[in-house]
Amino acid sequence: MTLVQYLILGALMFSLGVYGLLIRRNAVMVLLAIELMLNAVNLNLIAFEAALRTSFAGGQVFAIFVISVAAAEVGIGLAIVLLIFRNRRSANVDELDLMRW
């Protein structure tokens, strides 16, 4: 595959993530949409690294950093969603008004 094909695939994945983030009301599905967007960014980082062929391997290092941040985000996000679901019996993001005045 060429760099352009990877970039198109990454753009499609990112677009699907944005669409899922805007359309979905379930908090778990929102987290999955964010993960899809982060994976699109990782794909682009690796594609640019492979295309530039540098000895620094910065794209791979940043991809590993993004993966670790995504793992932490999922861990904390799922814990918050489980706690909210346990208290309210719903994970709908429209019903979450705990922080509002």
Side-chain angles (χ1 to χ4, degrees):
M1 289 179 75
T2 64
L3 177 63
V4 174
Q5 292 170 328
Y6 283 114
L7 293 179
I8 290 171
L9 179 63
L12 287 174
M13 287 173 57
F14 194 84
S15 299
L16 284 174
V18 169
Y19 178 75
L21 184 69
L22 294 176
I23 296 300
R24 297 293 183 167
R25 296 293 164 232
N26 188 340
V28 175
M29 297 306 284
V30 170
L31 287 175
L32 286 175
I34 292 171
E35 290 295 320
L36 190 60
M37 290 190 303
L38 290 174
N39 282 330
V41 170
N42 285 338
L43 180 67
N44 285 340
L45 286 172
I46 298 297
F48 276 120
E49 177 64 32
L52 295 176
R53 299 185 193 275
T54 62
S55 62
F56 174 58
Q60 295 170 1
V61 171
F62 282 124
I64 290 172
F65 179 73
V66 170
I67 289 170
S68 63
V69 168
E73 174 252 333
V74 165
I76 293 171
L78 282 179
I80 291 171
V81 169
L82 284 176
L83 183 65
I84 290 171
F85 184 78
R86 193 178 292 170
N87 289 333
R88 294 187 169 224
R89 298 288 176 209
S90 174
N92 191 349
V93 293
D94 290 335
E95 299 172 2
L96 298 178
D97 57 355
L98 295 174
M99 299 293 283
R100 286 191 195 160
W101 287 95

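Since we're looking at a predicted model, the values are computed, not measured.
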Taking all heavy atoms of V93 and all of R24, pick out the closest pair and write down the distance.
CG2-O, 4.4 Å

Applying a strict under-4.5 Å side-chain criterion to I, L, V, M, F, W and Y, I'd like to know whether L16 and M13 cluster together.
yes

Rounded distance [0.5 Å steps], CG in L7 versus CZ in F14
13.5 Å

Name the atoms and distances for all side-chain donor-acceptor pairs under 3.5 Å in residues 27-48, with sequence neighbours left out.
residue	atom	partner	partner atom	Å
N39	ND2	E35	O	3.3

Atom pair CG (L21) and OH (Y19), whose distance is rounded to the nearest 0.5 Å:
12.5 Å

Mind checking the CD1-CG spacing from I8 to L3? Nearest 0.5 Å is all I need.
10.0 Å

Is it possible for you to say whether V81 and I84 belong to one hydrophobic cluster, with membership spreading through side-chain heavy-atom contacts below 4.5 Å?
no

Nearest heavy atoms of G59 and E49, plus distance in Å
N-OE1, 3.1 Å

